[in-house]
Amino acid sequence: MFELEQKQVEEKIHAYCRQQGLPVIEIKWTWIPFNGQWGISTSFFQLAAASFGEKKGNVAARASEIAENLAGSLAKLPAFEKIEAVKGYLNLYFSTSAYFQQVLNSVLEEQDKFGHGERLHQRVMVEFSHPNTHKAFHVGHLRSAFLGDVLARILDAAGYEVIRANYPGDIGLHVIKWLWNYLKFHKGEKPDADITRWMGSIYAEAVRRLEQDPALEDEIREMYNRWDRRDPEVVACWKETRQWSLDGFNAMYNLLGIHFDRYYFNSMFEVPGKEMVEELLQKGIADDERPENGAVVVKIDEKLGLKEEKYRVMVVLRSDGTALYATEDLALARQKFLDYPDLQKSFYVVDVRQSLHFQQVFKTLELAGYEWATRCQHLPYELVNLPGNVVMASREGTVVLLEDLIREATDRALTVVQEKNRELSAEKQLEIARAVGIGAIRFPMLARESNKVVTFDWESALDFNGQAAPYIQYAYVRANSIMRKIGDRIPPDLAPTYELTQPEITLVDLISRMPDEIQKAARDLRPLIITNQAYELARAFNDFYTQCPVLSAGEPARSVRLRLVAASRQAIANSLAILGITAPQAM
RNA sequence: GCCCUCGUAGCUCAAUGGACAGAGCACCGGACUUCUAAUCCGAUGGUUGUGGGUUCGACUCCCACCGAGGGCGCCA
């Protein structure tokens, strides 16, 4: 938000460097790290070290000297209230009243666009979630869904045109097993409610039956053959039951606040994938080892002339000529660029275990001469495990179903809402409980580095205190409550003519950082940056709330603070929006 | 055997290569005639796995080791 001011100072520093015969280097700004102080800072250690060249010297002392000199020559800049040199750092403190006013004005003018970047007119795609039909949807699946959703929101806020893509696994061995069990033991059944759970149970039952009697594998093979022959009964059953899953997923996505612009289905890429393998063979990139009882493979390291193994060998077609996941991924990647030739980036939010697989796919496409291959990028994330490092797997039955988690979280929130908001209708209460419960589920999936394993346990999943979504939502509600008391009429623009207190300065400081934080989150593809920002903002607001009376304050503080409350409410709302967390009107 | 990721307070996690490594939970002690206490304030808690190296400066980068997890031609 302070590009202009920064530029001015940078020019002065550069002029000083030239005058002193120092190298002109890029100035890196940081926020002043001291609480309650508002401004920007840069250090001169690098410059001091450079000034000595090959010789040794006291860098700290030299840096202090440079900072002191600059502080002296910059002393008259009107943009800053105070300029000081401390231990080799140059600290520039904003003139609070002017910027305080400027920040609030931007927020209140831009409203829900505050913090967002200029439209870049660049298109990117984020593929995420990719659930398997005919299986349960469990908590382990949430990470990709939330990560992808929020990355899409972040990129959109940063200024990109974002395509949200889903790639459901609607065919494959798991579906065949399901169809077999259904047609043999459950033909004609269809539950009225809770369909995703039921789909999962039919699958789990199929797995159990096959474990108990391995001879049944023959029947699975037969079912696969029927599918390959496009047996009308099997195809019809597949179409119908596949839709049940998709309907169930849609209901869940709606509840979770996730939507997609584009669906690619696994079943659409079997044939095109095989065609691409044929093409790879013709180009001499793939090797057909089927005559020697092998498969069709791409020996990537060999083709690249690498001495050490890196990409290894990727199987692109089974020895019996049937398609693999890899086969289909080749065609999927291509389809995305056929649909959107101007795609700058094609992101895949898929768990870390598939890192090598995606490196292989993208490198193979590059070898095949597709120039867009380098625009594909896998965004890996670690798994959600159960305590004791137990992986969630539908087959093992070690899962926490999403429906159960949502119900528990919502119930717990509802208990509090009913106690605290007796005057609200049951419908309103449930709406709030949903926002709080689902927000509480979302937050911890986003508030940690994606390369760290998340351990799910009920106790912390249902803990609404501290660093959690309800804390942030509550800050929003408090701000909203104050504004409601004055009919939401925000006082007109005015400058603070009283001495601002520390909580007020900290709060506006954090609000002013939001545009930068959003850009940083988009650049690094890290939702964590936004969760941190949102939490800090909420904390600063709660601090302000307890220390600074608003409605009972005398003018001009009352009006200034009302504007600050309105701006805080907006900033918190915008942070929550990027995180896909609903900001309730009451709690 | 090769490759990838992680290791920070009792627990869960933060910290653009820069100022005293910060939060939450738990535990202990306080605060509701005042805008919603799902809140706030205070106290306790650290040789950042170990050993080297690079740098003016390392939780951060490099190397080795230890510990945990994951991946390596026909699963997805």
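A, B, ... follow the sequence lines: proteins, then strands. Residue 1 opens every chain.
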Base, sugar-phosphate alone, or nothing: which one does A/Ser41 contact when heavy atoms must sit under 4.0 Å apart? base

Check every atom of B/A15, B/A19, B/C56 against the side chain of A/Ala49 and return the nucleotide holding the closest atom. B/C56

Short side-chain N/O contact to B/U39 OP1/OP2 from A/Asn465, under 4.0 Å: yes

In terms of side-chain heavy atoms of A/Phe34, which of B/U36, B/A19, B/C41 is nearest? B/A19

Salt bridge check: are A/Asp488 and A/Arg484 linked by an N-O gap of less than 4.0 Å? no

Should A/Asp301 and A/Lys310 count as an ion pair when the cut-off is N to O under 4.0 Å? no

Using atom C1' of each nucleotide, how far apart are B/C32 and B/C41 to the nearest Å? 14 Å

Tell me what A/Ser460 touches on the nucleic acid: a base, only sugar-phosphate, or nothing, going by heavy atoms under 4.0 Å. nothing

If I pick the C1' atom on B/C61 and the same atom on B/C40, what distance separates them, to the nearest angstrom? 41 Å

Just call it for A/Thr322: base, sugar-phosphate, or nothing, with non-hydrogen atoms closer than 4.0 Å on any strand. nothing

Looking at B/A19, B/U39, B/A15, which one has an atom nearest to any side-chain atom of A/Pro33? B/A19

A/Ser481, nearest nucleotide to its side chain (from B/U36, B/C20, B/U8): B/U36

B/S/- along nucleotides 70-76 of chain B (protein heavy atoms under 4.0 Å) is SBBBBSB

Contact class for A/Glu536 vs. all strands (heavy atom < 4.0 Å): base, sugar-phosphate, or nothing? nothing

Could you go through the ring-ring contact (aromatic ring centres under 6.0 Å, His included) check for A/Phe362 and A/Tyr311 one step at a time? CA-CA 10 Å; A/Phe362 301 152; A/Tyr311 299 101; over 10 Å; no

Regarding the side chain of A/Tyr545, the nearest nucleotide among B/C56, B/A14, B/C35 is B/C35

Any A/Lys452 side-chain N or O less than 4.0 Å from OP1/OP2 of B/A14: yes

Strand RNA chain B as a dot-bracket string - pairs counted if Watson-Crick or G-U with both distances under 3.5 Å, | where the partner lies in another strand: (((((((..((((....[...))))..((((.......))))......(((((..]....))))))))))))....

What distance, rounded to whole Å, do you find between the two C1' atoms, one in B/C56 and one in B/A19? 14 Å

Hey, does A/Arg558 reach any base, or is it just sugar-phosphate, or nothing, if we go heavy atoms under 4.0 Å? nothing

Got a donor-acceptor pair under 3.5 Å from the side chain of A/Thr546 to the base of B/A31? no

What's the closest nucleotide to the side chain of A/Asn451 if the choices are B/C35, B/U39, B/U5? B/U5

Would you call A/Arg318-A/Asp320 a salt bridge at under 4.0 Å N-O? no

Among B/C40, B/U12, B/U36, the one nearest A/Asn421 by side-chain distance: B/U36

Any idea which of B/C56, B/A15, B/A23 is nearest the A/Arg539 side chain? B/A23

Side chain of A/Lys485: nearest nucleotide among B/C20, B/C35, B/A14? B/C35

Does the plane of the ring in A/His134 sit parallel, tilted or perpendicular to the ring in A/Trp178? Use 30° and 60° as the thresholds. perpendicular

Could you tell me whether A/Arg221 and A/Asp228 make a salt bridge, using a distance below 4.0 angstrom between a side-chain N and a carboxylate O? no

Expressed as a whole number of Å, how far does the C1' atom of B/A9 sit from that of B/C59? 14 Å

Per the glycosidic torsion and the 90° limit around 0, nucleotide B/G51 is anti

Side chains of A/Gln585 and A/Asn480 only: does a donor on one sit below 3.5 Å from an acceptor on the other? yes

For a quick check of understanding: with a heavy-atom distance under 4.0 Å over all strands, which category does A/Val296 fall into, base, sugar-phosphate or nothing? nothing

Among B/A23, B/A15, B/C6, the nucleotide that comes nearest once only the side chain of A/Arg526 is considered: B/A15

Touch check for A/Val298, heavy atoms < 4.0 angstrom, all strands: base, sugar-phosphate only, or nothing? nothing

Heavy atoms only, 4.0 Å cut-off, all strands: where does A/Asp329 land among base, sugar-phosphate and nothing? nothing

Using a cut-off of 4.0 Å on non-hydrogen atoms, how would the nucleic acid contact of A/Ala586 be classed: base, sugar-phosphate, or nothing? base

Across the strands shown, which category fits A/Val417 at heavy-atom distances under 4.0 angstrom: base, sugar-phosphate, nothing? base

